[in-house]
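Structure first, then comments.
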Amino acid sequence: GEIDLLRGLCYMGVQSLGAIAASGIVWSIAPPVAHGNLGMTMITSGVSVSQAFLVEVIITFILCYTVHAICDKKRDDVGGSKALAVGLAVAIGCIFGGPYT
């Protein structure tokens, strides 16, 4: 409820355009042999569906916990860069969860 409907729709549109542009850039710089599964979330062989699900739950929890912790208006002890905190949470998820899922 902090932004109006028009601004929210514009935000979603620009985010979608950014995602499409980023996908095009990744497609253009990736070697042709990688184009088949490029950008797809795949479970690594040897990892069960339940194990992959648990990995995804954990890394999603870390990201959501980070976002909620830095956006809590009742906290006044949050210092530093909020964007850096979210970026590090995403990076940690990719580094530790990526090899499995």
Side-chain angles (χ1 to χ4, degrees):
E2 295 184 21
I3 60 174
D4 58 62
L5 180 62
L6 180 60
R7 188 175 298 228
L9 291 172
C10 289
Y11 180 78
M12 289 187 283
V14 170
Q15 286 288 321
S16 297
L17 288 174
I20 291 168
S23 296
I25 292 170
V26 170
W27 180 270
S28 67
I29 63 174
V33 70
H35 286 182
N37 294 333
L38 188 62
M40 294 177 66
T41 302
M42 306 288 287
I43 298 174
T44 304
S45 62
V47 176
S48 71
V49 173
S50 59
Q51 290 170 326
F53 181 77
L54 182 61
V55 167
E56 289 291 325
V57 166
I58 291 169
I59 62 177
T60 301
F61 172 79
I62 292 169
L63 176 61
C64 290
Y65 188 81
T66 302
V67 170
H68 285 280
I70 63 173
C71 293
D72 187 359
K73 294 180 181 179
K74 296 179 183 177
R75 292 184 63 185
D76 58 357
D77 62 338
V78 178
S81 172
K82 294 178 180 182
L84 180 61
V86 172
L88 287 174
V90 171
I92 287 170
C94 290
I95 290 169
F96 292 106
Y100 304 106
T101 59

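What you see below is based on every heavy atom in this structure, not just the backbone, and it leaves out hydrogens, waters and symmetry mates.
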Note, L9 side chain near L5 side chain (heavy atom, < 4.5 Å):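 The answer is yes, as the side chains (C-beta and beyond) meet within the 4.5 Å cut-off.
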Over all atoms of both residues, closest heavy-atom pair of C94 and P99: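 Closest approach of C94 to P99, heavy atoms only: O-CD, 3.9 Å.
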Nearest atoms (heavy-atom pairs only) where T66 meets A89: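 The answer is OG1-CB, 3.7 Å.
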To the nearest 0.5 Å, how far apart are [atom1] in [X] and [atom2] in [Y]?
X	Y	atom1	atom2	result
I58	L63	CD1	CG	14.0 Å
I70	Y65	CD1	OH	12.5 Å
L88	I62	CG	CD1	12.0 Å
L17	Q15	CG	CD	10.0 Å

Single-linkage hydrophobic cluster I59~V57, side-chain heavy atoms < 4.5 angstrom: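 Result: no, two separate clusters.
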Short side-chain to backbone donor-acceptor contact, S28 and I25, under 3.5 Å: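 Yes; at least one donor-acceptor contact below 3.5 Å.
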T101 side chain to A52 backbone, donor-acceptor under 3.5 Å: no
V86 vs V67, side-chain contact (heavy atoms from CB on, under 4.5 Å): CA-CA, chis, key distance, verdict: CA-CA 6 Å; V86 172; V67 170; 4.0 Å; yes
